[in-house]
Number of protein chains: 2
Amino acid sequence: MVTSARRGPYVCGIDAALDVVSGKWKGLILWELEAHGVRRFAELRRGLPGVSEKMLTQHLREMEADQLVVRTVYAEVPPRVEYTLTGHGRALNAALDPLGRWGMERIRREQPELVDHADAAAMPRP
Amino acid sequence: MVTSARRGPYVCGIDAALDVVSGKWKGLILWELEAHGVRRFAELRRGLPGVSEKMLTQHLREMEADQLVVRTVYAEVPPRVEYTLTGHGRALNAALDPLGRWGMERIRREQPELVDHADAAAMPRP
DNA sequence: CGGAATCCGAAATGATACTG
DNA sequence: CAGTATCATTTCGGATTCCG
């Protein structure tokens, strides 16, 4: 099995939550989908500069299995596949919001050069 | 360099936050320190069943570098080292709380057998 | 007691090429 | 367009041993 044997018994809610958001791009995928509502594969790819097709596919499949996203395939040519958040996915995003604010504070503390020339809206959580 | 070259530039606050809490035991370490205020190395070890000394040391050093914990060494024999949260660490813990609640919901959905025989207080965030 | 140093296997990620 | 398949690389975590 390529996509791991994770999803343990968890010792607390933090474990269970971190398990589904760990993965280099999952936070950004949630963000993209929250911001745009619906996204196609290639759109997500463009929104995540540097991601490989393999990792994007793999993460999306895991998030689908975790019921964070819905994958809809249209029987057309050229093929079209759309991704959108489930209710659980949106709830997770909301639960992630305070953490994102803490992270922004951390960036301001440690890498102010990345924020100074752009205002706070440069990296918002939608 | 053994302890990695992480700490991005980050594309958003979520990235910055997930970076400092990823690591198999960091969530639990935060929890332990929040619950007890101050903990010695051996106490933390007992509080995290299954952790190796290497991982505990490594995580604690990273969290110290990230200014989440303070490490205090007492020049005594036998040696004594105490760990406690910084203000940033406590703020992170607070920001983690909604995520922990979301995770508890997920556990209830997917592994109800682990919660049924114990009430909701079985795995609280302090 | 509270580590450090080293080695090893497993898992996560990345690069590239190919396909319906 | 939206993926698979394959191979290479990097990172993570565990076990063991030794030390002031």
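What you see below is based on every heavy atom in this structure, not just the backbone, and it leaves out hydrogens, waters and symmetry mates. So you know, we letter chains A, B, ... as the sequences are listed, proteins then strands, and number each from 1.
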Just how far, in rounded Å, is [atom2] of [N] from [atom1] of [X]?
X	N	atom1	atom2	answer
Lys26(A)	dA12(C)	NZ	P	9 Å
Leu56(A)	dG14(C)	CG	P	12 Å
Phe41(A)	dG3(D)	CZ	P	5 Å
Lys24(B)	dA10(C)	NZ	P	14 Å
Met55(B)	dA11(C)	CE	C1'	13 Å
Glu64(B)	dG3(C)	CD	C1'	13 Å
Leu48(A)	dA2(D)	CG	C1'	16 Å
Glu82(A)	dC1(D)	CD	P	14 Å

Grab the two heavy atoms, one from [X] and one from [Y], that are nearest each other, plus how far apart they are.
X	Y	answer
Leu68(B)	Trp102(A)	CD2-CZ2, 3.7 Å
Ala16(B)	Tyr10(B)	CB-CD1, 3.5 Å
Thr86(B)	Gln67(B)	OG1-O, 2.7 Å
Arg39(A)	Glu43(A)	CA-OE1, 3.3 Å

Which part of the nucleic acid does [X] contact within heavy-atom distance under 4.0 Å: base, sugar-phosphate only, or nothing?
X	result
Thr57(B)	sugar-phosphate
Arg71(B)	sugar-phosphate
Tyr74(A)	nothing
Arg40(A)	sugar-phosphate

Give a yes/no on whether any side-chain N or O of Trp25(A) is located under 4.0 angstrom from OP1 or OP2 of dG14(C). yes
Whether Arg61(A) contacts dT4(D) is assessed here as follows: a side-chain N or O lying under 4.0 Å from the phosphate OP1 or OP2. Is that the case? yes
Determine whether any donor atom in the side chain of Lys54(A) lies under 3.5 Å from an acceptor atom in the base of dT13(C), or the reverse, and answer yes or no.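 Such a pair exists between side chain and base.
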Selected nucleotide, minimal atom distance to His59(A) side chain, candidates dG3(D), dG13(D), dT13(C): dT13(C)
Candidates dG2(C), dG3(C), dA2(D) - which lies nearest the side chain of Pro79(A): dA2(D)
Distance (rounded to the nearest 0.5 Å) between Met63(A) CE and Leu30(A) CG: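 Answer rounded to 0.5 Å: 4.0 Å.
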